[in-house]
Amino acid sequence: MAVVSWLLGAPALAHADFVDGLAAFDGGDYATSFEEWVPLAQRGDIEAQVALAGLYMAGQGVRANVAEALRWYRAAAEQGDPVAQLNMGDFYDRGIGVARDPVAAYVWFALAAESGRAWPATRRDALNARMNPDQRAEARQRLKAWRAAH
Amino acid sequence: MQFKKMQCRKKILLSTTVMPLVVVAGVAAGGVILVPGVRVAPAFAQCSAKKNSACNPCAAAKCNPCAAAKCNPCAAAKACNPCNPCAAAKACNPCNPCAAAKACNPCNPCAAKACNPCNPCAAAACNPCAGGGGGMSACFVPRLRMAAMCNPCAAAKCNPCNPCAAKACNPCAAKACNPCAAKACNPCAAKACNPCAAKACNPCAAKACNPCAAKACNPCAAKACNPCAAKACNPCAAAKCNPCAAKACNPCAAAKCNPCNPCAAKACNPCNPCAAGGAAELTDAEAVKVYDCLMKEMKAAYAKSDNQVALSYISWPRYSKRAYVSATHGNRYVQNYANKKGRAYGAYEQAGRMPAGAKLAKDSFSVSTNGTVTVGPLFIMEKMRAGFNPDSDNWRYTMIMPSGATFGTTKGKGSGKVEFCAGCHISVAPDRDSLWLLPEEYRVAY
């Protein structure tokens, strides 16, 4: 019984934590947002991971840290979150916190675009036009590998 | 729940913190100044003299480190060539090719010190002091940034003068802005200096050694834990044994923020936890300038969401003269937009109920006390048909993050996550249709 109630209650509790963090964020209380979202993100909550990445990017509630932002975006992106994926693409395309890598950028934009989003699709196509044949081939390979692994 | 407490936290207020305007001389003091003759090796100096190349340090091909690729990593054509007359100028000379080069260029004399305000890396990924990076925003408030640089009280983050600043440049930064953190540089740490430090005498001192741990930044404010308040049970209550009680023996007793805290005495004491905080106030001109600078960035950030309002709101009529502080939106600076169907919004108190199809958008940014600007969320209200959701006056609320994430939409995905929006808005008078009105002084008359 206890197990069942835990199983039923856990998602609701997680949801409440995220909402608390979001309400705190809305109110400008970033430290509380950070506190609420860290444990959720560590437990694999995608939304919390994306939100936490945003805090690290902006230096809100925590010292700005692009590497940490990248880490949490990556965690969410690996789980298939399109927002995290398009931000990963943006990081690689513009060289934010990582070396510029058009192939990696393309892969992340392409994955994000698969959710039907126009923004990453536009960026993917623009990038594709700038890439050479070798890069395109490598991107296709990586996409294939990613899909096989996920 | 915490968010319930936060519902409708405040009425719209203008929170202000007046920051002193201080002219900074020697902003680049931490930078390495490339002056001919200073960085060159002695051998080169001799050689250079022999060749009489004082006016052209690049003249001597062999002995000039500017010319020799081996001994000069920045040699010849590279951007950081010290032979470049621009490079020899002031560290942050805009003419300096090193300064204008890639952020985090190790050749850049401005990059030498992590927390150098002149450091182009300061806003970038590789700088541990990139605090308040504002989502990598290139926009900032020069006046506040300047004030932060020379005012240790002004900025909590990344100010090398500030004991609360980054570890990298500050030995006192052990614990975030805790005046008790570092003994060496903190007069609050020593018991002798800080009457709050003695646990026996002050039960408030136990809380993280922070005199601000109690209510209102003042351990003496909370009766329950205030040794000054409860005479009966507090052996320290007597004037002689209680340093908080007697002005005569306690120079801090009269201080405004924390009578128990010797750091409070000086307004600009970097140890004073009462010295910093609050939203930075912008002048009209600054608010306009920052918003103009930030517009493109905000548009690009919100566009990632693919939300139609996010893509189009910037072309709608704007109802605020300039960005103003909204206490109900986290003390962020906001601007108000409404689409054509929402034009009645411009009638403010006489707006009545909005028709279905009316859309309101509020973009936002925050300004830290060190002048750093950060793009905030985009708040959207869309009036839906009757019956959509009586609990929100048929408004659909959406909150879009600068990352492009949409964390909730009323009656849509994550509906529960934006309930607090409706909860606050619906608390206005019933005839106001859940609309909070912007302060009169910022209203555009249509």
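Letters A, B, ... are given to chains in the order of the sequence lines, protein chains preceding strands, and every chain is numbered from 1. Hydrogens, waters and symmetry mates are skipped; everything else that's a heavy atom, side chains included, is used. Please read these numbers as outputs of a predicted model, since none were measured by experiment.
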Query - A/Trp37 and B/Phe407 aromatic ring geometry - parallel, tilted or perpendicular at 30°/60° bounds - result: tilted
Compare every heavy atom of [Y] with every heavy atom of [X], then report the nearest pair and how far apart it is.
X: B/Ser403; Y: A/Val50; result: OG-CG1, 4.0 Å
X: A/Ala58; Y: B/Thr374; result: CB-CG2, 3.4 Å
X: A/Leu22; Y: B/Lys417; result: CD2-O, 3.4 Å
X: A/Asp26; Y: B/Thr328; result: OD2-O, 4.3 Å

Report task. Please say whether the positively charged group of B/Arg332, taken as NZ for Lys or CZ for Arg, lies over the ring of A/Tyr30, i.e. under 6.0 angstrom from the six-membered ring centre and within 45 degrees of the axis. Result -> no
Requested in this report: Identify which of B/Gly408, B/Cys421, B/Ala405 forms the greatest number of heavy-atom pairs closer than 4.5 Å to chain A.
Outcome: B/Ala405
Requested in this report: Count the heavy atoms of every other residue, nucleotide or ligand shown that sit under 6.0 Å from CD of A/Gln141, and state whether that count exceeds 12.
Outcome: no
Requested in this report: Output every pair passing salt bridge (Lys or Arg N to Asp or Glu O under 4.0 Å) with a member in residues 103-124 of chain A, not counting sequence neighbours, ordered by first then second residue.
Outcome: A/Asp90-A/Arg123, A/Asp93-A/Arg123, A/Glu114-A/Arg147
Report task. Check each atom of A/Leu86 against the heavy atoms of chain B and say whether the ones under 4.5 Å are side chain, backbone, both or neither. Result -> side chain
Report task. Let me know if A/Ala112 has heavy atoms under 4.5 Å from chain B in its side chain, its backbone, both or neither. Result -> neither
Query raised in the report: Side chain, backbone, both or neither: which part of B/Ser366 has a non-hydrogen atom closer than 4.5 Å to chain A?
Result: side chain
Query - Part of B/Ala300 lying under 4.5 Å from any heavy atom of chain A - result: backbone
Query raised in the report: How long is the span from the CZ atom in A/Phe25 to the CE atom in B/Met401, to the nearest 0.5 Å?
Result: 4.0 Å
Query raised in the report: When you look at A/Asn87 and B/Lys304, which way does the side chain to side chain contact (heavy atoms under 4.5 Å, CB included) test go after all the steps?
Result: CA-CA 9 Å; A/Asn87 277 286; B/Lys304 287 191 278 187; 2.8 Å; yes
Query raised in the report: Do B/Ser305 and A/Trp119 touch side chain to side chain, with heavy atoms closer than 4.5 Å?
Result: no
